[in-house]
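Order of the sequence lines sets the chain letters (A, B, ...), proteins ahead of strands, with each chain counted from 1.
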Amino acid sequence: MLIAGPTASGKSALALDLAARIGGVVINADSMQVYRDLRIITARPTPEDEARVPHALYGHVDAAENYSVGRWCSDAAEAMNESRVRGLVPIITGGTGLYYKALTQGLSAIPPVSADIRAATRARLAAEGVEALHAELASIDPPAAARLMPRDATRITRAIEVFAATGRPLTDWHREGLRPLLDPQRAIGLFLMPDRAVLYARIAARFDAMLEAGALDEVAALDARRLDPALPAMKAHGVPWLRRHLAGDLSLEEAAEEAMRDTRRYTKRQLTWFRNQMPGWDFVAPEAARDHILGRLTPGAT
RNA sequence: GGCCACGUGGCGGAGUGGUUACGCGCCGGUCUGCAAAACCGUUUACCCCGGUUCAAUUCCGGGCGUGGCCU
């Protein structure tokens with residue numbers, strides 16, 4: 001079972017409910033809830049939730065690490081195997097669209113790029129600018145250069161470093177996909193889709209609740225580690241703005257406004273992703289989700 | 001009551017007698033190992049009426065509204 005939906009749509013609660021009901025394990029598919037240091041600010045399931053039903057891949061990574069889709073795929077494969085052994089239904093939930101795509105459509109067999117090469121490529125990006133890298137890509141991997149927007153620093157850098165590390169253009173690697181971990185035919189993909197206005201109101205209410213629950217202290221503790229601000233965990237919604245508030249750059253109200261805005265934008269992108277990248281998924285209103293999924297589990301029932 | 005200033009798209013904010021600044025928001029889209037990232041696109045604008053003019057959001061007059069000062 002794959003349960004996705006925008007931030008604050010009630011995915012976790014639904015997953016917990018289903019897991020308790022049918023005997024399942026909740027496996028995280030959220031790129032930020034994996035980080036140990038970010039519990040409150042990412043709305044990770046509480047210890048009580050985790051005590052009720054088995055959970056996997058929550059807070060198992062240190063914020064100093066660069067987690068990735070690739071690592072998630074192998075972690076998820078392991079978690080699914082374990083659930084099979086225990087006779088539990090894997091219920092994968094989270095909002096990271098790319099993880100679901102990799103899970104159901106496979107990833108290319110690109111070897112890991114060394115930290116040295118990555119650092120060197122990033123340094124070049126900073127020194128030479130995106131345009132220079134894009135021009136270089138046009139000579140080593142013309143299709144990739146044509147496909148990518150000239151200012152898309154992230155993907156251009158990736159294409160350059162894959163070539164630097166493997167001597168083969170990224171486009172070649174993409175032609176050889178690995179078999180997906182999960183056969184989409186054997187899974188139910190559900191996307192919770194709340195009314196936009198309701199969702200935006202929930203985002204605001206939820207951020208206020210996070211602050212009351214100690215989000216600022218959590219960010220202060222993370223801040224004290226003096227990690228590289230470019231790390232993924234340092235970019236979790238609310239973290240950059242709350243850090244700026246802690247530094248005295250802006251008021252808590254301003255930081256909260258910005259954090260909520262980032263979250264709103266993100267939910268919009270999530271919607272776009274699932275709508276267009278995940279064919280075959282069911283889009284359901286949160287209130288109707290549980291009955292919908294239970295109905296699909298028992299084909300005889302309506 | 002008098003004087004002055006101003007009325008531009010959801011908001012902020014330029015500007016021009018003829019060719020729809022721009023920013024933000026909203027909305028839509030792209031996506032194969034940092035994805036809560038990175039990137040792209042779009043958006044019923046010139047308060048109302050009359051005049052001048054080939055042509056008015058832009059000039060002139062009146063009205064209405066807003067703000068400031070004065071009585």
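Residue order along RNA chain B, read from the 5' end via each residue's closest nucleotide, puts Asp30(A) first among Arg151(A) and Asp30(A). Of the two residues near RNA chain B, Met32(A) and Ile110(A), the one whose nearest nucleotide lies more 5' is Ile110(A).
When rounded to the nearest whole Å, the span between CE of Met260(A) and C1' of C26(B) equals 18 Å. Separating the CZ atom of Arg158(A) from the C1' atom of U32(B) is a distance of 8 Å, rounded to the nearest angstrom. Here A38(B) presents its P atom at 16 Å from CD of Glu161(A), a figure rounded to the nearest Å. The distance between atom CZ of Arg118(A) and atom C1' of G33(B), rounded to the nearest whole Å, is 8 Å. Atom-to-atom, CZ of Arg147(A) to P of C40(B) comes out at 17 Å; the value is rounded to the nearest Å. One interatomic measurement links the two molecules: NZ of Lys235(A) to P of C34(B), which rounds to 10 Å at whole-angstrom precision. Taking atom OH on Tyr100(A) and atom P on G33(B), their separation rounds to 19 Å, with Å as the unit. Between the NZ atom of Lys268(A) and the P atom of G28(B) there is a distance of 5 Å, given to the nearest Å.
For the P atoms, the distance from C40(B) to U32(B) is 16 Å, rounded to whole Å. Nucleotides U57(B) and G9(B) are separated by 15 Å at their P atoms, to the nearest Å. Distance check on atom P: G7(B) versus G13(B) gives 11 Å, rounded to whole Å. For the P atom pair drawn from C49(B) and A38(B), the interatomic distance equals 48 Å after rounding to whole Å. C4(B) and G62(B) have their P atoms separated by 11 Å, with the value rounded to a whole Å. The same atom, C1', is picked in U43(B) and in U20(B); the two are 12 Å apart, to the nearest Å. Here, C6(B) and C60(B) have their P atoms 11 Å apart, quoted to the whole Å. For the P atoms, the distance linking A37(B) with C69(B) amounts to 47 Å, nearest Å.
Closest to the Gln277(A) side chain, of the nucleotides A35(B), C39(B), C31(B), is C31(B). Relative to the side chain of Met149(A), the nucleotides C34(B), C39(B), G33(B) differ in distance, and C39(B) lies closest. Here the nucleotide nearest the side chain of Arg275(A), chosen from G33(B), G28(B), A35(B), is G28(B). Side-chain proximity of Asn66(A) to C34(B), U30(B), G33(B): nearest is C34(B). Side-chain atoms of Arg196(A) lie closest to C27(B) of the nucleotides C34(B), C27(B), U32(B). Taking every side-chain heavy atom of Arg264(A) into account, C26(B) is the closest of C39(B), C26(B), C31(B).
Phe274(A) and Trp281(A) have tilted rings, their planes meeting at an angle from 30° to 60° on a 0 to 90° scale. In this structure, Tyr99(A) and Trp72(A) have parallel ring planes: the angle between them is below the 30° cut-off, well short of the 60° mark. In this pair, Phe283(A) and Phe191(A) present their aromatic rings tilted. The plane angle is within the 30 to 60° band.
Residue contacts for Gln33(A): at a heavy-atom cut-off of 4.0 Å it reaches a base atom on one of the strands shown. The residue Ile41(A) sits close to a base: some heavy atom pair falls under 4.0 Å. Nucleic acid contact for Thr42(A): base, since at least one base atom lies under 4.0 Å from a heavy atom of the residue. Within the 4.0 angstrom heavy-atom criterion, only backbone atoms of the sugar-phosphate kind lie near Ala153(A); the bases stay farther away.
Under the ring-ring contact (aromatic ring centres under 6.0 Å, His included) criterion, Phe163(A) pairs with no residue, sequence neighbours left out.
Distances shown here put a side-chain N or O of Arg269(A) below 4.0 Å from the OP1 or OP2 atom of A37(B). Between G29(B) and Asn276(A), a contact under 4.0 Å exists linking OP1 or OP2 to a side-chain N or O. A sub-4.0 Å separation between OP1 or OP2 of A35(B) and a side-chain N or O of Tyr99(A) is present. The shortest distance between the side-chain N/O atoms of Thr154(A) and the OP1/OP2 oxygens of A37(B) is not below 4.0 Å. Look at Tyr35(A) and you won't find any side-chain N or O under 4.0 angstrom from OP1 or OP2 of C34(B).
The pairing partner recorded for U42(B) is none, the criterion being a Watson-Crick or G-U wobble arrangement whose two distances lie under 3.5 angstrom. Across all strands shown, nothing is found opposite U32(B) as a Watson-Crick or G-U wobble partner with both distances under 3.5 Å.
The closest side-chain donor-acceptor pair between Asp49(A) and Tyr58(A), if any, does not fall under 3.5 angstrom. His60(A) and Asp75(A) are linked by a side-chain donor-acceptor pair at a separation below 3.5 angstrom, with hydrogens and angles left out of the test.
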Problem set entry | salt bridge (charged side-chain N to carboxylate O under 4.0 Å, His left out) evaluation trace for Asp152(A) with Arg155(A) | CA-CA 6 Å; Asp152(A) 191 346; Arg155(A) 294 196 181 81; 2.6 Å; yes
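For A37(B), its base sits under 3.5 Å from the side chain of Arg155(A) at one donor and acceptor pair at least.
Arg206(A) places none of its side-chain heavy atoms less than 4.5 Å from the side chain of Arg202(A).
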